[in-house]
Every structure is written in structure tokens, then in C-alpha cells.
Amino acid sequence: MFNTVVVAGGSRGIGLAVAEHFAPKSRRLLAVSRTRAPVGEWVSADLSSLSGVELVVEAVGSDILDALLYMGGTWETNAFTSQYSFENCSDEDITRVIAVNLIAPIRLVKALLPALRHSKNPKVMFMGSLSGRDNFSGREVANSASKFGLRGAVHALREELRSQQIGVTIINPGNVGTPEVLADLAAKRAAWRQCNSAI
């Protein structure tokens with residue numbers, strides 16, 4: 001049985017599935033998201049802001065944090081469709097993608113280190129993407145940059161936290177058939193590229 005588990009992005013998609021998996025295995029599961037999470041204790045927070053990170057730290061309090069699972073993520077308007085255009089991306093879009101996919105997870109790990117140190121076997125896991133892997137033919141500039149950056153952060157955190165025995169890893173899945181993705185496919189709004197992982 002886990003003590004406390006934090007799932008960032010726990011209201012839908014992969015994050016919700018992860019929250020549903022860990023909820024019965026945890027004494028306390030905190031699902032962090034902007035929209036209401038149907039599983040665990042919902043922490044309403046926008047992690048792209050420092051105040052959102054502080055809300056999560058307050059919610060964890062003095063708990064033993066066994067796992068921080070950062071499953072949240074976003075991408076540019078029209079990403080992964082034929083309508084995507086880097087030249088037409090707004091500065092707000094680019095800033096938001098980098099903030100959510102890269103800056104927020106780094107800030108959150110740093111803020112929750114004291115709680116992770118209370119655990120006998122603490123783990124930090126990030127949801128990456130094939131967009132952050134070498135030789136992937138993605139055109140989405142901010143999304144790819146953020147996912148490459150996240151990989152770099154994970155490599156550095158792994159070395160930095162090794163002596164504290166805090167495990168850090170990243171998963172870079174292909175297309176995953178979440179309800180949101182399947183709805184997009186059904187509506188023919190997403191032209192998903194051929195990947196190693198099938199939907």
C-alpha cells in the first residue's frame with residue numbers, strides 16, 4: 001500500500017487512468033488538475049503558475065509522498081493536424097506549452113522534494129512523448145522542444161537525486177487511445193502519424 005501519491009493531470013486521459021489505477025492502492029491519492037478529477041482528492045490547480053505548485057505542496061502537507069506522477073501535458077493549437085502552422089502559432093500558445101510541459105514539472109519536483117524524502121522508496125515519473133525522441137518527424141515546435149527538454153531534465157534529476165535514492169524516469173509512449181484521442185479520430189480532426197505504438 002502506498003502512502004500518498006500525487007497524479008498531476010489526473011482528471012482525464014492517461015492521467016485519469018493512472019489515478020484510477022493507484023487510488024485503491026494508496027492511502028491518499030491527490031489528483032491535480034484544472035478540471036474536476038473524478039478519482040481521489042481533487043486539488044484544483046494550474047501548475048503553469050507558481051501559485052498552482054504551492055497549492056499542491058499545501059495539499060501534501062507533512063505526508064509521506066511515495067510517488068509524484070506528472071501525467072499532464074498540452075500542445076499548440078491545431079497540433080498533429082494538417083492545419084498546424086508554426087508561423088501562425090501565437091506567443092501565448094508557445095509560452096503555455098513550454099510552461100505546462102517543461103517548467104511546471106521541474107518546479108513541482110523541486111517543491112515536493114522534502115515530502116519525497118520522507119518515503120522509503122520515492123519515485124518520480126513523467127509522461128513524455130515520441131515528440132521528444134530523436135528522429136521523430138514532428139512539426140510541432142513548442143511541443144517537441146518541451147518534450148526534449150523534459151527528457152534532459154529527467155537525466156539531470158536522476159543524477160542529482162541518485163544519492164537521495166529518489167528514482168526518476170520518463171515514459172515516451174506512442175499514440176494512446178484515450179477517450180479524447182478516439183473522439184478526435186472519430187471526428188477526423190487529428191491526422192495521427194504512424195508510430196511504433198498502435199492505438
Side-chain angles (χ1 to χ4, degrees), residues 2 4-23 26 28-63 65-77 79 90-117 119 122-129 131-132 140 142-154 156-157 160-161 166-173 176 178 180:
F2 295 97
T4 297
V5 172
V6 169
V7 179
S11 65
R12 61 190 201 120
I14 295 174
L16 175 56
V18 168
E20 289 172 338
H21 174 79
F22 280 99
S26 308
R28 188 176 183 218
L29 183 128
L30 302 178
V32 183
S33 58
R34 290 179 300 167
T35 56
R36 179 169 291 279
V39 177
E41 297 176 37
W42 180 42
V43 180
S44 174
D46 180 354
L47 294 177
S48 66
S49 68
L50 279 173
S51 59
V53 172
E54 290 165 359
L55 285 171
V56 178
V57 173
E58 290 173 13
V60 172
S62 60
D63 283 4
L65 182 59
D66 284 334
L68 166 60
L69 310 171
Y70 195 95
M71 304 288 110
T74 189
W75 43 80
E76 298 97 316
T77 302
S90 68
D91 288 342
E92 291 78 9
D93 228 12
I94 292 169
T95 300
R96 175 181 53 82
V97 171
I98 301 294
V100 171
N101 293 357
L102 180 57
I103 298 172
I106 293 172
R107 283 176 169 168
L108 195 59
V109 172
K110 182 173 182 282
L112 290 175
L113 278 176
L116 286 163
R117 289 193 194 102
S119 174
K123 303 294 182 190
V124 176
M125 183 177 292
F126 298 98
M127 182 56 62
S129 167
S131 298
E140 295 74 21
N143 183 64
S144 296
S146 68
K147 295 301 184 178
F148 265 90
L150 189 60
R151 278 181 62 207
V154 167
L157 282 168
E160 173 68 11
L161 301 178
I166 299 175
V168 185
T169 192
I170 186 169
I171 298 172
N172 296 296
V176 178
T178 63
E180 295 80 16

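Proximity of Val109 to Leu157: side-chain heavy atoms (C-beta onward) are separated by under 4.5 Å at one or more points. Side-chain contact check for Val168 versus Phe126: some heavy-atom pair is nearer than 4.5 Å. Side-chain atoms of Thr74 and Asn101, non-hydrogen and from C-beta on, do get closer than 4.5 Å to each other.
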If you look only at distance, which donor and acceptor atoms sit under 3.5 Å apart when one is on a side chain in residues 47-59 and the other is two or more places apart or in another chain?
residue	atom	partner	partner atom	Å
Ser48	OG	Asp46	OD1	2.7
Ser48	OG	Asp46	OD2	3.3
Ser49	OG	Asp46	O	3.0
Ser49	OG	Ser51	OG	3.1
Ser49	OG	Gly52	N	3.1

Can you give the donor-acceptor pairs under 3.5 Å from side chains of residues 31-38 to other protein atoms, not counting sequence neighbours?
residue	atom	partner	partner atom	Å
Ser33	OG	Thr35	O	2.5
Ser33	OG	Trp42	NE1	3.0
Thr35	OG1	Ser11	OG	2.9

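Under the salt bridge (charged side-chain N to carboxylate O under 4.0 Å, His left out) criterion, the residue pairs touching residues 94-108 are Asp93-Arg96, with sequence neighbours excluded.
Remark: Glu20 engages Leu16, Val39 in a side-chain contact (heavy atoms from CB on, under 4.5 Å) (not counting sequence neighbours). Legend: residues meeting side-chain hydrogen bond (donor to acceptor under 3.5 Å, both in side chains) with Ser119, ordered by chain and number and at least two apart, are Asp66. Ala67 meets the side-chain contact (heavy atoms from CB on, under 4.5 Å) test with Val5, Leu69; sequence neighbours excluded.
When all heavy atoms of Val100 and Tyr70 are compared, the closest pair comes out as O-OH, 2.7 Å. Between Met71 and Val7, the shortest heavy-atom distance links the atoms CG-CG1, 4.1 Å. Leu108 approaches Leu68 most closely through the heavy-atom pair CD2-CD1, 3.7 Å.
Thr77 contributes atom OG1, which lies 10.5 Å from atom CD1 of Ile94 (distance to the nearest 0.5 angstrom). Put simply, CG on Leu116 and CG on Leu161 are 8.5 Å apart, with the number rounded to the nearest 0.5 Å. Atom-to-atom distance recorded for Met127:CE and Ile171:CD1 is 5.0 Å, nearest 0.5 angstrom.
Around atom CD of Glu41, more than 12 heavy atoms belonging to other residues, nucleotides or ligands sit under 6.0 Å away.
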